[in-house]
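For the single chain, residues carry numbers from 1 onward in sequence order. Computed from heavy atoms alone, side chains included, the values below leave out hydrogens, waters and symmetry copies. A quick note: this is a predicted structure, and the numbers were derived from the prediction, not measured.
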Amino acid sequence: MTEFVHKGGQFIIQDDGQKGLEATYLALFTRNNLGAEWMKENGITTKISSECPDFLFKVPNDKIIGLEIVNVNVPTENFKATARLNTIGRKVIAYFKEKGILLSIVID
């Protein structure tokens, strides 16, 4: 299921699953100054989806560089509760998706 989500202070269309989330993070990165500069410095001309690493990029001289997206969580006093709520939310969405009911849950 494709969703319209608010991440990184922007609204973005995000595809379902891990690959969709990775694509969202890449889009957010390449839309800010740091990401745009990284793309320019490396002379990236083409993005290629991949499983390992997450993305491959074609650069000058037909070389290929890879980008692996990782998620780093810094524990806070609310981290465990928020992580559990997100896990429960994903399970509820998956359950209803199997039944043919598209559902979106916002945990704020």
Side-chain angles (χ1 to χ4, degrees):
M1 175 175 82
T2 300
E3 298 178 78
F4 190 61
V5 297
H6 188 260
K7 290 193 189 253
Q10 301 177 35
F11 285 99
I12 193 163
I13 295 172
Q14 178 176 303
D15 289 331
D16 200 15
Q18 182 66 25
K19 202 64 184 167
L21 186 59
E22 291 165 353
T24 297
Y25 290 146
L26 177 65
L28 292 171
F29 174 65
T30 57
R31 289 179 187 176
N32 74 39
N33 293 340
L34 181 64
E37 184 66 27
W38 180 80
M39 299 278 285
K40 183 180 175 185
E41 284 178 7
N42 286 291
I44 293 173
T45 57
T46 307
K47 175 186 81 163
I48 306 162
S49 284
S50 171
E51 285 303 316
C52 188
D54 296 320
F55 296 98
L56 296 173
F57 299 96
K58 195 170 206 179
V59 296
N61 300 325
D62 288 328
K63 291 184 180 180
I64 304 286
I65 61 173
L67 176 68
E68 178 72 23
I69 296 178
V70 296
N71 190 8
V72 177
N73 295 309
V74 179
T76 64
E77 66 180 51
N78 297 324
F79 173 74
K80 287 183 179 179
T82 303
R84 284 189 183 128
L85 285 172
N86 282 325
T87 299
I88 292 167
R90 282 193 298 274
K91 287 180 180 181
V92 169
I93 290 169
Y95 172 81
F96 281 99
K97 185 177 180 181
E98 288 176 5
K99 306 288 183 198
I101 300 169
L102 300 180
L103 180 68
S104 180
I105 296 176
V106 176
I107 298 173
D108 191 12

Ring pair (Phe, Tyr, Trp, His ring centres under 6.0 Å) pairs, two or more places apart, involving residues 31-52: F29-W38, W38-F57
I'd like to know if L56 and V59 are part of one continuous hydrophobic network [Ile/Leu/Val/Met/Phe/Trp/Tyr, side-chain heavy atoms within less than 4.5 Å]. no
Could you give the distance from CD (E37) to CG (L34), rounded to the nearest 0.5 Å? 8.5 Å
Run the side-chain contact (heavy atoms from CB on, under 4.5 Å) test on L26 and K47 for me, step by step, so that the C-alpha distance in whole Å, both residues' side-chain angles and the decisive distance to 0.1 Å come before the verdict. CA-CA 10 Å; L26 177 65; K47 175 186 81 163; 3.3 Å; yes
Just list the side-chain donor-acceptor pairs under 3.5 Å for residues 62-69, sequence neighbours left out, or say none.
from	atom 1	to	atom 2	distance (Å)
E68	OE1	D54	N	3.2

Identify whether I48 and F55 are in the same connected component of the hydrophobic contact network (ILVMFWY, side-chain heavy atoms under 4.5 Å). no
Side-chain heavy atoms of T87 within contact of R90, under 4.5 Å: yes
By ring pair (Phe, Tyr, Trp, His ring centres under 6.0 Å) - contacts of F96 (at least two apart): none
